[in-house]
> 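The structure that follows is given in the form of structure tokens.
Ligands are counted one by one from 1 in listed order, and the atoms in each one are counted from 1 as well.
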Amino acid sequence: MATECKGGGQEEVFCLRDVLDAFRLCLDERGEVLLEEYAQGWRGLIKFMNSLGTMFSFISSDAVSKLDILEAYRTGPHADRYRSLQTMARFELEAGDLVAASRRVPPSGCRTFLRLHRALLWLRLFLERLRTSGENDRPSTMCSEAYDRSLSEHHPWIVRQASSVAFRLLPTRSAFFEVMHVGAEEQVVAMLGEAVPAIEKVYDVSQAVYTEHNMLDLP
Ligand SMILES: CCCCCCCC/C=C\CCCCCCCC(=O)N[C@@H](COP(=O)(O)O)[C@H](O)/C=C/CCCCCCCCCCCCC
């Protein structure tokens with residue numbers, strides 16, 4: 001499917017195809033979750049959120065700060081151990097008390113990735129709902145329902161309140177589809193049909209790593 005990823009003025013705009021490619025590429029042939037591609041997927045999504053307006057900046061700045069932490073590890077002195085989620089988990093677990101390392105500044109990579117991983121569940125639920133939505137369904141409702149089933153249990157009251165205000169500011173479904181720059185509605189739905197399983201795979205593999213190493217509750 002051909003997808004135009006340039007705006008009218010040929011400026012770089014959000015492109016769901018790029019996000020999809022990044023999440024596909026982030027699982028290598030051995031089932032490892034590659035951190036560089038994973039971060040690229042998130043940065044693409046953040047570009048989309050920024051295009052919705054400044055009222056979402058408290059969300060994107062939190063996501064960016066987490067991506068920057070992971071990037072610093074990925075390009076730092078132990079770069080070879082921060083190639084994938086699996087190598088990072090092995091390295092940080094070998095290094096000692098991961099709970100203590102998660103409370104330090106900057107926090108551990110595993111703790112940082114976990115916050116994005118939880119947000120990936122929200123994204124997976126939201127995109128699946130968006131894919132099957134009808135003309136009169138509202139992104140604000142879909143977004144908020146996905147949030148209630150995923151991230152909300154990990155957030156304090158104040159963040160839940162701020163998020164619910166932000167969700168109410170989301171545009172209508174048709175405006176939302178337009179900002180996605182994928183094309184006609186059928187193309188959006190088709191691309192979501194590819195994106196959701198790709199994101200699900202990454203989520204499931206990551207969840208298995210966190211479960212195996214008992215890291216789902218890192219502080
Ligand atoms: C086809 C594209 C459509 C979908 C586009 C979605 C774009 C989403 C882009 C980015 C999502 C942001 C991811 C947010 C990560 C949040 C991580 C987190 O949980 N952080 C909290 C905990 O961190 P620590 O304190 O433990 O370090 C932190 O407290 C959170 C602060 C900010 C609020 C996070 C609210 C998350 C709501 C996610 C929904 C985004 C709605 C965007 C709608 C398009």
Side-chain angles (χ1 to χ4, degrees), residues 3 5 13-23 38-70 102-131 133 138-173 175-183 185 187-196 198-199 203 216-219:
T3 307
C5 288
V13 294
F14 168 78
C15 179
L16 184 57
R17 167 58 67 192
D18 289 348
V19 171
L20 173 57
D21 288 346
F23 279 114
Y38 187 85
Q40 251 170 37
W42 274 112
R43 290 202 193 267
L45 290 163
I46 289 165
K47 205 189 281 180
F48 175 84
M49 198 159 55
N50 288 341
S51 73
L52 294 177
T54 51
M55 55 280 184
F56 298 97
S57 14
F58 78 102
I59 302 176
S60 56
S61 65
D62 182 71
V64 166
S65 77
K66 287 173 171 53
L67 290 169
D68 289 347
I69 293 171
L70 288 178
S102 298
R103 292 199 170 107
R104 274 203 302 265
V105 179
S108 68
C110 287
R111 181 260 187 218
T112 304
F113 185 104
L114 177 62
R115 285 358 187 222
L116 295 167
H117 170 64
R118 289 171 178 165
L120 200 65
L121 177 58
W122 161 79
L123 182 70
R124 163 187 179 166
L125 296 170
F126 175 57
L127 294 186
E128 176 55 15
R129 184 65 192 83
L130 195 60
R131 187 183 73 80
S133 63
R138 300 192 58 83
S140 52
T141 310
M142 298 182 243
C143 191
S144 152
E145 286 171 0
Y147 178 79
D148 289 344
R149 293 175 55 201
S150 54
L151 277 172
S152 81
E153 65 171 299
H154 304 290
H155 287 166
W157 181 86
I158 187 73
V159 172
R160 291 202 304 270
Q161 296 309 305
S163 302
S164 90
V165 171
F167 297 157
R168 273 182 249 138
L169 300 170
L170 284 172
T172 60
R173 180 175 175 272
F176 201 87
F177 279 6
E178 215 164 288
V179 192
M180 285 167 73
H181 294 106
V182 171
E185 176 169 338
Q187 287 174 287
V188 176
V189 170
M191 189 155 315
L192 288 174
E194 292 183 62
V196 173
I199 289 168
Y203 179 84
L216 282 164
D217 294 314
L218 287 178

> For residues 112-125, dump all side-chain donor-acceptor pairs below 3.5 Å to protein atoms at least two apart in sequence or in another chain.
residue, atom, partner, partner atom, Å
T112, OG1, S108, O, 2.8
R115, NH1, L218, O, 2.9
R115, NH2, L218, O, 3.3
H117, NE2, Q207, OE1, 2.7
R118, NH2, L216, O, 3.0
W122, NE1, C143, O, 3.4
R124, NH1, D204, OD1, 3.0

> side-chain contact (heavy atoms from CB on, under 4.5 Å) with S144: which residues, sequence neighbours excluded?
D148, F167
> Enter the distance from F177:CZ to L130:CG here, rounded to the nearest 0.5 Å.
4.5 Å
> Can you sort out the partners of V64 under side-chain contact (heavy atoms from CB on, under 4.5 Å), two or more places apart, ordered by chain and number?
R43, I46, D68
> To the nearest 0.5 Å, tell me how far S60 OG sits from F48 CZ.
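Nearest 0.5 Å value for the OG-CZ distance: 12.5 Å.
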> Can you produce the list of protein nitrogen or oxygen atoms under 3.5 Å from a nitrogen or oxygen of ligand 1, alongside each distance?
residue, atom, partner, partner atom, Å
ligand 1, 19 (O), H155, NE2, 2.7
ligand 1, 20 (N), D62, OD2, 2.8
ligand 1, 23 (O), K66, NZ, 3.3
ligand 1, 26 (O), R111, NH2, 2.9
ligand 1, 26 (O), R115, NE, 3.0
ligand 1, 27 (O), K66, NZ, 2.9
ligand 1, 27 (O), R111, NH1, 3.0
ligand 1, 27 (O), R111, NH2, 3.3

> Would you mind reporting whether E194 and R17 have side-chain heavy atoms less than 4.5 Å apart?
yes
